[in-house]
Amino acid sequence: MLRTVLLTGLTLAIAIGGGAGSVQYALDRFEGFGALEVGQWSAYPAAGTPDSDPYAKARGARNGTLALGAAEGLIFHASRDARGRELDRSCTYRITGATPPARFWTLYPADRSLQPLPPRPGMLPAVHSREILRSEDGRFSITVSPEAQPGNWLPVEGSGPFVLVMTFYDTPVASSSGLSDLVMPSASLVEEAGCRG
C-alpha cells in the first residue's frame with residue numbers, strides 16, 4: 001500500500017515538474033511561428049491578432065505584455081550583431097542605416113524577456129526618431145555603449161547579454177503591403193577593444 005502511494009506521488013511529481021519545466025523551456029527558447037526576419041532583426045506580425053501562435057500568447061500572458069495590433073505598429077528585436085555574435089552590455093555597437101517608413105519609432109535595450117533595462121541615472125532609457133541626428137540622405141548612426149559617445153548615444157548598464165528592441169508605430173510594415181522593400185539598420189560591433197573588462 002505504502003509502495004503504491006510513493007510510486008503514485010513520484011509519478012505525479014515527475015509529470016508535473018517535467019511538464020512545467022518543458023513549458024518554461026519552450027517559452028524561453030522557442031520564439032514561435034511566423035517570424036519576419038530582416039537581417040539580424042526579428043518581428044512577429046501576427047502577434048496581437050487572433051492568428052497569433054499559442055507560444056506568443058503564453059509568453060505575453062507570462063510576461064504581462066500587450067502586443068501591438070496590426071494597425072498600431074510592429075516590434076522588431078535583435079539579440080546578435082551583424083557577425084552573429086550575441087550582444088553584450090560591456091561592448092560598443094554602432095547601429096547604422098535607415099528604417100522602414102513609420103510615423104514614429106523607438107529603440108531601447110532590454111533583457112532576454114524583452115523587459116527594458118534600467119537606464120543610467122539621469123539618462124533616458126531609449127532614443128526615438130524625432131530626437132536623433134541624421135545625415136542629409138536621412139540615414140543615421142546610433143552608438144550603443146556603456147561609455148559616453150558623441151552624437152546619438154544609447155547607454156547600457158550592467159553586464160551580460162541584451163536585446164535591442166525597435167518599435168515602429170503607424171507603419172505599413174505591420175501589414176503585408178509594407179513587406180516588399182523592407183530595410184532595417186545594421187548593428188555592428190565597433191571593435192573588439194570596444195568591450196570593457
Side-chain angles (χ1 to χ4, degrees), residues 24-32 34-45 47 55-56 59-60 62-65 67-68 73-100 102 104-129 131-134 139-169 171 173 182-197:
Q24 187 72 23
Y25 180 83
L27 292 180
D28 288 341
R29 301 280 187 250
F30 180 60
E31 293 293 335
L36 170 62
E37 304 279 344
V38 182
Q40 67 223 79
W41 298 88
S42 301
Y44 296 88
Y55 293 98
R59 191 176 301 108
R62 182 190 66 177
N63 296 338
T65 58
L68 294 174
L74 190 59
I75 301 171
F76 282 87
H77 61 272
S79 59
R80 299 191 174 274
D81 67 14
R83 293 176 62 186
R85 295 172 294 195
E86 195 169 57
L87 298 177
D88 189 315
R89 295 185 216 183
S90 67
C91 296
T92 296
Y93 299 93
R94 187 154 296 127
I95 301 166
T96 56
T99 61
F104 184 75
W105 57 258
T106 60
L107 175 69
Y108 66 87
D111 61 21
R112 286 183 174 170
S113 64
L114 302 184
Q115 297 300 312
L117 295 177
R120 179 178 294 189
M123 301 298 295
L124 295 174
V127 295
H128 60 78
S129 56
E131 72 177 1
I132 63 167
L133 303 171
R134 297 176 185 265
R139 299 171 70 83
F140 60 85
S141 177
I142 300 170
T143 305
V144 181
S145 176
E147 306 292 339
Q149 302 289 325
N152 300 312
W153 173 45
L154 180 60
V156 289
E157 286 288 295
S159 61
F162 75 99
V163 177
L164 288 169
V165 180
M166 197 167 207
T167 306
F168 298 94
Y169 298 94
T171 174
V173 176
L182 189 57
V183 294
M184 288 292 289
S186 173
S188 303
L189 181 67
V190 172
E191 56 184 20
E192 293 292 344
C195 297
R196 291 192 306 195

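- Smallest separation of non-hydrogen atoms from Gln40 and Ala187: NE2-O, 3.0 Å.
- Contact of the Leu154 side chain with the Pro109 side chain is registered, since non-hydrogen atoms from C-beta on lie closer than 4.5 Å.
- When every heavy atom of Ser186 is checked against every heavy atom of Ala82, the shortest pair comes out as OG-CB, 3.6 Å.
- Paired with Ile95 under the rule side-chain contact (heavy atoms from CB on, under 4.5 Å), one option of Leu164, Asp81, Asn152 passes, and it is Leu164.
- The CH2 atom of Trp105 sits 10.5 Å away from the OG1 atom of Thr167 when rounded to the nearest 0.5 Å.
- In this structure, Phe168 has its ring center no closer than 6.0 Å to that of Trp41.
- Considering OG of Ser79 and CD of Glu86, their distance stands at 6.5 Å, rounded to 0.5 Å.
- Interatomic distance, Met184 CE to Ser42 OG, rounded to the nearest 0.5 Å: 9.5 Å.
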Listing, residues 119-126 side-chain donor-acceptor contacts under 3.5 Å, not counting sequence neighbours, or none:
from   : atom 1 : to     : atom 2 : distance (Å)
Arg120 : NE     : Glu157 : OE2    : 2.7
Arg120 : NH2    : Pro146 : O      : 2.2
Arg120 : NH2    : Glu157 : OE2    : 2.9

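- In terms of heavy atoms, Gln149 sits closest to Thr143 at CG-CG2, 3.4 Å.
- Atom-to-atom distance recorded for Thr106:OG1 and Met166:CE is 8.0 Å, nearest 0.5 angstrom.
- Residues passing the side-chain contact (heavy atoms from CB on, under 4.5 Å) test with Pro116 are Tyr108, sequence neighbours excluded.
- In plain terms, the two heavy atoms of Glu131 and Val127 that are nearest each other are OE2-CA, 3.0 Å.
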